[in-house]
Amino acid sequence: MANGNDHGNDNDNDNDKGMVRCCSCFSPFAVAVAVASCQLPVASCQLPRRYHLPNAMPLSYTSSMNIERILIADVLANVEVGAEVTIGGWTRTVRASKGGFSFISLNDGSCMDCIQIVADKALANYESEISHLTTGCSLLIDGVVVESPGKGQRVEMHAKEVRVIGLADAETYPMQAKRHTFEFLRTQAHLRTRTNTFGAVARVRSAMAGLIHDYFQSRGFLYVHTPLITASDCEGAGELFRVTTMDPDAPPRDDAGAIDYSQDFFSRPTYLTVSGQLEAETYACSLGNVYTFGPTFRAENSNTPRHLAEFWMIEPEMAFCDLQTDADLAEDFLKNIFAGILNKCPSDMEFFNKRIDKTVIDTLTHIAESPFERITYTKAIEILEKADCQWQFPPAWGIDLQTEHERYLTEETFKKPVIITDYPSSIKPFYMRLSDDGKTVAAMDVLVPKIGEIIGGAQREERLDVLTERMAAQSMDAEDYWWYTDLRKYGTVPHAGFGLGFERTIQFATGMANIRDVIPYPRTPRSADF
RNA sequence: UCCCCGAUAGCUCAAUUGGUAGAGCGAGCGGCUGUUAACCGCUAGGUCGUAGGUUCGAGUCCUACUCGGGGAGCCA
């Protein structure tokens, strides 16, 4: 066997049970080749008796080549007993025994579970280093996978070498091996991903992003990168952040004393985008079905568990499409990604179901399997007016639905997602298509229990005359949107789309109560730390 | 932005309706242990968010501010 110091550089190819021989592949791009080369005859393989998995990454950290760091997720699930592997991670708890050995629970973020390392006092640095380990230290461990006599784990690891890479002073390290409130962890956002909850949120968020791309890519949607800086200042979606290079203390001024934006970077006032929709429409009206997936900015002074100043939004846009198909897509899309996340992150989802919200798995399963309710706004108002409820805001046709109304519909009346369509034109933006009744527009909102509006969408107004009338009615200058109206002037086409709040989707899927806990570094009024 | 609640040890909280602060966890040390949020013992650790005010005396009452949480609005 390799001794503890050369990290697998031995080439003696013995036949230890469970060892797998394979060629090295230090480029992550060569995974397929490497896996294939594992089929080579043993004699042709010059490399160490190391377990090789597609997820293994070369340990470029060390100068000794031929080492690969195996993910703990793989060790726990796939690596067979007897194999020697190298893992790296951060200690969660260390239970030291003065008698002879220590148990180290190590987590590397690849999965919810930690692997238990048994470190014997025979190790060279046992007294000097291992017996002093505390929560949060980073380690590289070389050892053999063995069956675990303890409960709750298939295997554990007997360390052959424990390299202490970084210590964490227990006196000051904020992440104690105990329960912390989310409020406290928000103040330690750079370290909170070392907890079970935030590790799981990060994995689910990443998986969810992948599922969303998969959904659209596999259906022929084109991914469009719409600009983050915009000059459109009145899309009606909220307050905008200004983008400028002017000195706030001494902005250039014109003869009349007004701020002279012609001297600003873009020679005009510019802002961070509140939506990529208008630009996405232009791509849809030449390339068919498209989607955006990127950050969005709202300068609204919103202080709620459902609002961020910077959040991510997904906005599909489809040509030759009406409201019904738009709603069909929204429903199919949500079902698909919720079923997908249950399938892709089972242990993280079990964690959320056990520790965060005991109903999430049932809820997501139910959503994936049963049809959404679809009602018109008019019908929704009827239901609310008949409801035996003391409304803080009595429902009435022409007034937008309040939070209490949305929750009543999703949580009391239907107990599932509800798609509400055909809102009064007076409460919806200019670009939504005016219906034949002249009073409503082809809008749809998807409401879900607890979160409320998760999707807002519409069939777009494709008739030039109606569009310009509606712009004028909302005191907009159509000239500013000449490129948008051009779509209706040249080869106009019915089209529709919607916007999905990414963080609200993750909130719903995980049961996390506060949106600030499902984005790495939340930006909210008076808060832009990290 | 509006309404409500909160701020006490590193973290989570308590302090009998004004009499100069306690617990659990965490940490340090010791003991014990195939342990797994281990267990047992000892020790250290706080000018009670900030600034004023009332009072012989304020963690406790009053005012303002800051920060945090919940609800509402705006929305995704």
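Chain A is the first sequence line, chain B the second, and so forth, proteins listed ahead of strands; every chain is numbered from 1.
- Within the 4.0 Å cut-off from OP1 or OP2 of B:A38, at least one side-chain nitrogen or oxygen of A:Thr93 is found.
- Among the protein residues, A:His307 comes within range of the nucleic acid bases, having at least one heavy atom under 4.0 Å from a base atom.
- In this structure, A:Gln402 reaches the sugar-phosphate backbone alone: every heavy-atom distance under 4.0 Å involves primed, P, OP1 or OP2 atoms, never a base.
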message: Both atom distances under 3.5 Å, Watson-Crick or G-U wobble: I'd like the secondary structure of RNA chain B as a dot-bracket string, with | for pairs made across strands.
response: (((((((..((((.....[..)))).(((((.......))))).....(((((..]....))))))))))))....

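- Heavy atoms of A:Phe184 sit under 4.0 angstrom from primed sugar atoms or phosphate atoms, though from no base atom.
- Contact check, A:Thr181 against B:U12: a side-chain N or O comes under 4.0 Å of OP1 or OP2.
- The residue among A:Ser105 and A:Asn301 whose nearest nucleotide of RNA chain B lies closer to the 5′ end is A:Asn301.
- Considering A:Tyr223, A:Phe221, A:Phe293 in turn, A:Phe221 is the only one that fulfils the ring-ring contact (aromatic ring centres under 6.0 Å, His included) rule with A:Phe216.
- Among the heavy atoms of the strands lying under 4.0 Å from A:Gln176 is at least one base atom, whether or not backbone atoms are also near.
- Aromatic stacking is not marked for A:Phe502 over B:A76, as the cut-offs of 5.5 Å for the centres and 30° for the planes do not both hold.
- Residue A:Arg92 is out of contact with every strand shown, counting any heavy-atom pair closer than 4.0 Å.
- Nucleic acid contact class of A:Leu308 (heavy atoms, under 4.0 Å, all strands): base.
- As judged by a 4.0 angstrom heavy-atom cut-off over every strand, A:His132 is placed among residues making no nucleic acid contact.
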